[in-house]
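See structure below.
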Amino acid sequence: MKHKLEYLLQQAVAALKTQGVLDGELVAPINLERARDSQHGDFATNLAMLLAKPAKTNPRQLAEKIIAEIPADKLISKIEIAGPGFINFFINPDSQFQIVKQIHAAGPEFGLSTIGAGKKVQVEFVSANPTGPLHVGHGRGAAYGSAVADLLQAVGFEVEREYYVNDAGRQMDILATSVWLRYLEECGEVLPFPCNGYRGEYVREIAFNLHKKSGNEYRRPVELVLEDIPADEHQGGDKEKHIDALIERAKTLLGPAQYQDVFRAGLDDILADIKDDLQAFGVSYQHWFSERLLMDNGSIQQALQRLDAAGYLYKQDGATWFASSRLGDEKDRVVIRDNGQSTYFASDIAYHMNKLDRGFDQIVNIWGADHHGYIPRVKAAMQALGADESKLKVLLVQFAVLYRGTEKVQMSTRSGEFVTLRQLRSEVGRDACRFFYVMRKSEQHMDFDLKLATSRSNENPVYYVQYAHARVCSVLRQLDEKGRERNLHLGMEHLNLLTEDQETALLTTLSKYSEVLERAAVQYEPHQLIHYLRELANQFHSYYNAHQFLVDDDKLCNARLNLICAIKQVLANALNLLKIHTPESM
RNA sequence: GCGCUUGUAGCUCAGCUGGAUAGAGCAUCGGCCUUCUAAGCCGAGGGUCGCAGGUUCGAGUCCUGCCAAGCGUGCCA
């Protein structure tokens with residue numbers, strides 16, 4: 001409907017251009033909005049006000065000329081000029097009723113669009129280090145990322161969801177060493193645990209399973225393990241040196257093959273847990289992309305060679321630097337350390353080169369807001385690789401600050417003090433979790449009060465929306481219990497009986513659905529869909545309280561049933577998109 | 001210090017990219033169940049849109065400068 005009106009406006013502008021009223025070169029921004037106030041009709045445009053100045057006339061006069069050139073269409077019942085020069089469109093009530101038929105015809109497909117057809121988009125999200133279970137901070141990225149991906153798919157994009165697995169690097173060595181030390185404890189050894197190790201209970205479980213499976217195969221005498229290891233922090237030493245020495249010791253005492261076994265025990269177990277957790281949260285991926293793979297197959301070397309060939313690499317202080325400051329970054333960055341090892345950033349350059357090579361039209365990265373300083377250097381790398389940096393869109397998700405009542409909850413994977421996503425899900429339920437996370441704009445700081453979220457109270461708006469769906473189902477059950485049958489055709493014949501205020505408002509809201517979906521997708525803002533759902537549910541509940549659906553008049557009754565079934569369909573379509581259940585009763 | 005993000009009702013947040021009288025939920029107060037589920041509905045109160053300028057027909061939205069909060073500013077990942 002909106003697209004149709006925009007088209008008609010284009011026609012009018014084109015006509016005025018040929019008449020010479022408007023400059024032929026002028027680009028006319030067609031800006032059509034839903035009117036906020038029903039007195040202003042259904043749609044409004046500020047076109048005349050925008051074009052008045054270049055056309056050297058006043059807005060109201062120009063508006064009259066535009067209206068005169070808008071082709072007649074049965075969609076429109078009236079066009080008015082209002083205020084300083086708004087053009088207001090009043091939609092023919094008969095066309096408003098059509099939405100009920102359209103929804104019925106399209107069913108689960110209703111609202112989908114094709115604006116992204118033929119374009120490939122990759123969405124990378126969560127990508128948490130596999131050093132521990134996902135916590136509630138990751139949950140927000142998971143909910144937001146999957147919602148963005150699902151929305152893009154709904155409007156026609158070919159979407160690939162990817163998780164970048166940071167399975168290389170020092171953090172993983174710390175994890176492997178932590179597992180090994182806990183394993184030695186399982187074997188009956190007594191030894192201090194490094195304060196920089198991963199202290200979470202899950203590490204003990206991994207160690208327990210390893211011991212159960214492999215017995216004492218990886219056991220080494222404690223004296224050898226601790227011999228000449230620098231003091232830990234609480235002993236007055238340096239915790240970094242302490243843990244690094246322990247990693248080296250583990251590698252030497254176990255040898256490459258056995259170290260690899262322990263390493264894999266940790267990685268595989270945690271990754272399996274993360275996959276399972278996300279699956280249960282309604283999040284699926286097409287690819288799990290391994291950083292180790294990138295290192296092993298020479299991609300990093302290739303990427304650096306390309307940067308070098310483009311003249312962006314230089315050596316200084318024994319390290320290799322990428323001159324990112326020439327491309328907008330605030331300073332240059334090391335890609336190969338003086339000890340010969342490549343940095344995390346080098347992996348990331350290779351990773352993004354790989355993404356580019358896979359031919360996506362748009363690459364979307366969803367990062368925690370603490371990584372925002374990273375954006376300029378990655379964009380710089382893309383430019384240096386000769387790519388169009390606007391292909392990359394980085395969306396930041398602010399971390400949720402956790403409270404229990406008024407008390408702030410400290411979170412640290414290292415210390416093992418955190419609330420896992422799994423815990424949150426089991427307490428609050430998946431539906432409330434997802435709804436709650438996606439409700440807010442992603443870059444908005446979020447206070448997540450666990451006490452509130454875990455209390456199964458009706459304060460959580462997900463129930464409000466689900467209740468609307470359940471109520472429609474309940475009405476249909478009542479119909480059946482009263483021994484009546486729904487007559488779809490009769491109802492469609494008499495949609496014009498839907499003239500109550502609530503009915504008119506609902507028809508308008510239903511017709512907005514596909515517009516909302518498109519905007520939410522294109523702007524990467526799933527919260528817009530949530531707000532739409534609340535509005536629709538609100539209008540339905542008002543309607544429910546104001547009018548009886550199962551009235552004696554068969555025509556009116558069936559018209560109303562068709563309307564509420566349309567509401568149910570749209571609620572279900574949106575909720576399914578967000579991977580939230582649609583209960584038939586509550 | 002510099003950079004990014006945020007600042008809207010007592011609290012948590014929307015505000016459709018510059019439009020018409022700034023909106024919800026929670027909380028507070030007052031009403032509505034012998035009729036399709038009261039996890040609901042109806043109504044009331046509550047605002048210097050952080051502050052000060054600027055841009056224009058028109059600013060919560062854009063530009064500048066302050067103020068405040070969070071994050072970042074590693075040869076960590």
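Quick note: numbers below take in every heavy atom, side chains included, and nothing from hydrogens, waters or symmetry partners.
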Please classify the nucleic acid contact of [X] as base, sugar-phosphate, or nothing, using heavy-atom distances under 4.0 Å.
X        : result
A:Lys482 : nothing
A:Phe345 : nothing
A:Arg534 : sugar-phosphate
A:Ala82  : base
A:Asn339 : nothing
A:Met49  : base
A:Ala546 : nothing
A:His527 : sugar-phosphate
A:Asn129 : sugar-phosphate
A:Asp370 : sugar-phosphate
A:Gln548 : base
A:His372 : base
A:Ser585 : base
A:Arg471 : sugar-phosphate

Separation of [X] atom [atom1] from [N] atom [atom2], in whole Å?
X        : N     : atom1 : atom2 : answer
A:Leu476 : B:C36 : CG    : C1'   : 10 Å
A:Lys379 : B:C4  : NZ    : C1'   : 14 Å
A:Tyr464 : B:A39 : OH    : C1'   : 11 Å
A:Phe43  : B:A20 : CZ    : C1'   : 17 Å
A:Asp329 : B:G74 : CG    : P     : 11 Å
A:His531 : B:G23 : NE2   : P     : 16 Å
A:Tyr543 : B:C41 : OH    : P     : 16 Å
A:Leu51  : B:C57 : CG    : C1'   : 15 Å

Checking contacts here: which listed nucleotide ([options]) is nearest the side-chain heavy atoms of [X]?
X        : options             : value
A:Gln398 : B:U5, B:C16, B:U37  : B:U5
A:Phe86  : B:A20, B:U17, B:U37 : B:A20
A:Pro84  : B:C36, B:C76, B:C57 : B:C57
A:Lys331 : B:G74, B:G15, B:A77 : B:G74
A:Asn545 : B:C41, B:U37, B:A39 : B:C41
A:His40  : B:G19, B:U17, B:A20 : B:A20

Pick the nucleotide of RNA chain B nearest each of A:Asn166 and A:Tyr467; which residue has the one closer to the 5' end?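 Of the two residues, A:Tyr467 wins.
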- prompt: Considering heavy-atom distances to RNA chain B, does A:Asn31 or A:Ala35 have its closest nucleotide positioned more toward the 5' end?
  reply: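 On the 5' side of the pair lies A:Asn31.
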Base of B:A77, side chain of A:Asp167 - is there a donor-acceptor contact under 3.5 Å? no
Using a cut-off of strictly less than 4.0 Å, decide whether [X] has a side-chain nitrogen or oxygen near OP1 or OP2 of [N].
X        : N     : value
A:Arg337 : B:A77 : yes
A:Ser542 : B:C42 : yes
A:Tyr544 : B:C33 : no
A:Lys441 : B:G15 : yes

Across every strand shown, the nucleotide meeting Watson-Crick or G-U wobble geometry with B:G43 (both distances under 3.5 Å) is B:C29
Paired nucleotide for B:A68 [Watson-Crick or G-U wobble; both distances under 3.5 Å]: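 Pair assignment: B:A68 / B:U6.
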Classify the glycosidic conformation of B:C4 as syn or anti, calling it syn when the angle lies within 90° of 0.
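Here B:C4 takes the anti form, which means its glycosidic angle is more than 90° from 0.
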request  = Report the residue from A:Tyr351, A:Trp367, A:Phe125 that forms a ring-ring contact (aromatic ring centres under 6.0 Å, His included) with A:Tyr164.
outcome  =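 Exactly one option meets the ring-ring contact (aromatic ring centres under 6.0 Å, His included) with A:Tyr164, and it is A:Tyr351.
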Regarding [X] and [Y], do their side chains bring together a donor and an acceptor under 3.5 Å, going by distance alone?
X        : Y        : value
A:Ser347 : A:Glu291 : yes
A:Ser290 : A:Asp167 : yes
A:Asn196 : A:Lys241 : no
A:Asp431 : A:His581 : yes

Mind telling me whether A:Tyr544 and A:Phe540 have parallel, tilted or perpendicular rings, with 30° and 60° as the class edges?
tilted
Check: A:Arg377 side chain, A:Glu330 main-chain N or O, donor-acceptor pair, under 3.5 Å:
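No.
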Self-check item: Distance in Å, A:Leu578 CG paired with A:Arg434 CZ, rounded so as to fall on 0.5 Å steps
Solution: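 Going from CG on A:Leu578 over to CZ on A:Arg434, the span is 7.0 Å.
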